[in-house]
2 protein chains.
Amino acid sequence: MAETASRPERPESRYGNRPTMKDVAARAGVGLKTVSRVVNGEPGVTPDTERRVQEAIDALGFRRNDSARVLRKGRTASIGLVLEDLADPFYGPLSRAVEEVARAHGALLINGSSAEDPDREQELVLALCARRVDGLVVIPAGDDHRYLEPEIAAGVATVFVDRPAGKIDADVVLSDSFGGARDGVAHLIAHGHRRIGFIGDQPRIHTAIERLRGYRAAMEDAGIVVEEEWMSLGATDPDRVEQATRTMLSAPDPVTAIFAGNNRVTVTVVRVLAGLPRPVAFVGFDDIELADLLQPGVTVVAQDAAQLGRTAAERLFRQLDGASDAPERIELPTRLIKRGSGELPPAG
Amino acid sequence: MAETASRPERPESRYGNRPTMKDVAARAGVGLKTVSRVVNGEPGVTPDTERRVQEAIDALGFRRNDSARVLRKGRTASIGLVLEDLADPFYGPLSRAVEEVARAHGALLINGSSAEDPDREQELVLALCARRVDGLVVIPAGDDHRYLEPEIAAGVATVFVDRPAGKIDADVVLSDSFGGARDGVAHLIAHGHRRIGFIGDQPRIHTAIERLRGYRAAMEDAGIVVEEEWMSLGATDPDRVEQATRTMLSAPDPVTAIFAGNNRVTVTVVRVLAGLPRPVAFVGFDDIELADLLQPGVTVVAQDAAQLGRTAAERLFRQLDGASDAPERIELPTRLIKRGSGELPPAG
DNA sequence: TAGAACCTGGACAACGTTGTCAGATGCAAG
DNA sequence: CTTGCATCTGACAACGTTGTCCAGGTTCTA
């Protein structure tokens, strides 16, 4: 009985049996490397040969397998972006800005949402590293990034955005949360308020801490002693934000103005305030769409999400181009946009 | 002179010389395949050996190179999403929904913005195919997708979203643009309007055509003859939309209500109307944030972007799991949300 | 105690590409 | 016709991983 030749493995779905350079070479009657040269536009191929190869490529519908290319070359021409939630209107423009810079450098963008979960952040980042992305832009959820040390040592360019890295030294691009919050609260104080509420994110988040710090600084500058009941931290879901807002406003000695720590809180507070009989002064951190059309317009401390992303991505590619500057902390200014709600005098 | 041994090429940056399984194997004193088994949790390794390997992995900071793995296995566990603009609030939730489904299937998401440019769409899609993504979710910018035929034939799962594919047969998930627009316009008619303006996107975009068709259908159903001046198509940038709006409202015999064809147009029109002395009835396609807080609230025909994304991604993974249903067209219903602006009577 | 059955571990090839290098070809000059 | 040179072309190895398959060892049974 004839022996069957040992047939090497054949995984079920091998890209559906796509043509390879070898196939193209065979069809065009040339060598493998010549096909490679044509595909990559390298010099040293006669026009006639090139034409033959090109015909074979078109006939077979060949498309270079970048996985193999990556393996050989060691660069993937892709970068990873880990953020909190792509559905949050703050991150859309940021992501798009990163993408544009990547595109200008011929790189693709892989992104993932951490859902503000440190474990998920790490899982995502490491998955991206396993893909050998050339670089990472990370909006951190966790506060310990030592797990990234071997990756960075291995040459993965890394830039943090919106919040600094935890326990490692790395580039970071952020908005001036402290200054922005201080200015916003000072603005309320300048309009006569003394009892001002602060509703912010969980205090493990850097921006939340900084904004709270800005709030406290502004109050202290004005010689106001802050009372505990004026501050709500960590209430992120709409229900709890609403509750916190109502509590502050219905206290025996209620606040006369509220400062909100981020865009989601802002939306919820604005919604609650809209349902009240009398207007309450308000300033929010982060601009929101249509804020100018409400009655009164919503005064905000705006940050430029796109600029954050752009700056970070540019810094990333500078790293990839070989610049070896020391890690830097870049802080972008915020901008107070007065629209009415922040200029209301204290009620009563 | 001693001959230098032929030194094989060494690309400048070889992942910064990361450890490989070979290195781990050497350090642990085991064979290459044994390391592979440990890394992939395959059976057939004694606990003692496994421990030794694990130690070596930790000591060296080894991380499997997924590029090589992909090359060997033929599946990348990543899918591509091509949309128009990640910064558009409509696409954020859609993208996030696709990501979640991908995550549930252990896949990463690579996404790119076409900026509504057919060439750029094709460029992106083909780049993703070169990466050998397992599947593609495409919000098409162009109207000819025959360039995808070889890819689909080669096994790349493909689902189109929001707009159907051009000149090829493929799965598509969309909102009922026609029905939604018809309902929205009929709603205005029901409130007494006869002269109704339509401001929509460029007529090469499928949704724009469908919504215009819905507008015409509703008008025809009511026996209203539409005049050319009531329709504006292709004015997408705020300036031109504003111009179109003002023109319709200042005509000798002006429209008494306006229907907007997408979220960006809606925002602009709402802004223009807010600046007018008297309210003008309005219904927009796509919900927008804070629409409920404006005076009057903005009546919209809402579509569920997240549901679109989820449905498409699920369909994609069904394809990848081997289902070979015929290409299908899934249409999701829209929902009319009455908030006040659409219930205004005709002025005068 | 021998043999069978089972288990663990490792050598090897292959995935599709690109860098190196040497061979082949063509042309001009001697 | 030979030599030299420049230009094209292709054979080959290597990138890091995983599938196959066999060798060697252990345990259990007869």
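Chain A is the first sequence line, chain B the second, and so forth, proteins listed ahead of strands; every chain is numbered from 1. From a predicted model like this one, the values you see are computed outputs, not experimental measurements.
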Polar-atom pairs under 3.5 Å, protein N or O versus N or O of nucleotides 4-8 of chain C: list them with distances, or write none.
none

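The separation between Met21(B) atom CE and dA13(C) atom P is 19 Å, rounded to whole Å. When rounded to the nearest whole Å, the span between NZ of Lys22(A) and P of dA13(D) equals 14 Å. Leu32(A) places its CG atom 11 Å from the P atom of dG16(C), with the value rounded to the nearest Å. Rounded to a whole Å, the CD atom of Glu42(A) is 14 Å from the P atom of dG10(D). With rounding to whole Å, Arg131(A) atom CZ is found 15 Å from dG16(D) atom C1'. Taking atom CG of residue Asn65(A) and atom C1' of nucleotide dC15(C), one finds them 9 Å apart after rounding to whole Å. One can place CG of Leu71(A) at 12 Å from P of dT18(D), the figure rounded to the nearest angstrom. In this structure, the NZ atom of Lys73(B) is 13 Å from the P atom of dT17(D), given to the nearest Å.
With hydrogens and angles left out, the side chain of Arg37(A) and the base of dG10(D) share a donor-acceptor pair within 3.5 Å. In this model, a side-chain donor or acceptor of Arg72(A) finds a partner on the base of dT18(C) within 3.5 Å.
Within 4.0 Å of Asp66(B), counting heavy atoms only, lies no atom of the nucleic acid at all. Contact annotation for Val39(A): no contact, since no heavy-atom pair falls under 4.0 Å across all strands.
A salt bridge links Arg96(B) to Asp85(A): at least one charged side-chain nitrogen sits closer than 4.0 Å to a carboxylate oxygen. The pair Glu123(B)-Arg103(A) counts as a salt bridge, with a side-chain nitrogen and a carboxylate oxygen less than 4.0 angstrom apart. Between Asp321(B) and Arg318(B), none of the side-chain N atoms (NZ, or NE/NH1/NH2) sits under 4.0 Å from a carboxylate O, so this pair counts as no salt bridge.
For the atom pair OG (Ser78(A)) and CG (Leu109(A)), the distance works out to 9.0 Å, reported to the nearest 0.5 Å. Remark: Glu149(B) CD to Ile168(B) CD1 distance equals 6.5 Å, nearest 0.5 Å. Taken to the nearest 0.5 Å, the CE atom of Met21(A) stands 7.5 Å off from the CD1 atom of Ile57(A).
With dG10(D), dT18(C), dT17(C) as the choices, the nucleotide that has an atom nearest any side-chain atom of Thr34(A) turns out to be dG10(D). If you check dT17(D), dT18(D), dG16(D) against the side chain of Phe62(B), the one that comes closest is dT17(D).
At the phosphate of dC21(D), neither OP1 nor OP2 sits under 4.0 Å from any side-chain N or O atom of Lys33(B). Within the structure, every side-chain polar atom (N or O) of Ser36(B) is placed at least 4.0 Å from both OP1 and OP2 of dT17(D). OP1 or OP2 of dT18(C) has at least one side-chain nitrogen or oxygen of Arg64(A) nearer than 4.0 Å.
Every pair passing ring pair (Phe, Tyr, Trp, His ring centres under 6.0 Å) that includes a residue from residues 309-329 of chain B is listed here, sequence neighbours excluded: His105(B)-Phe317(B).
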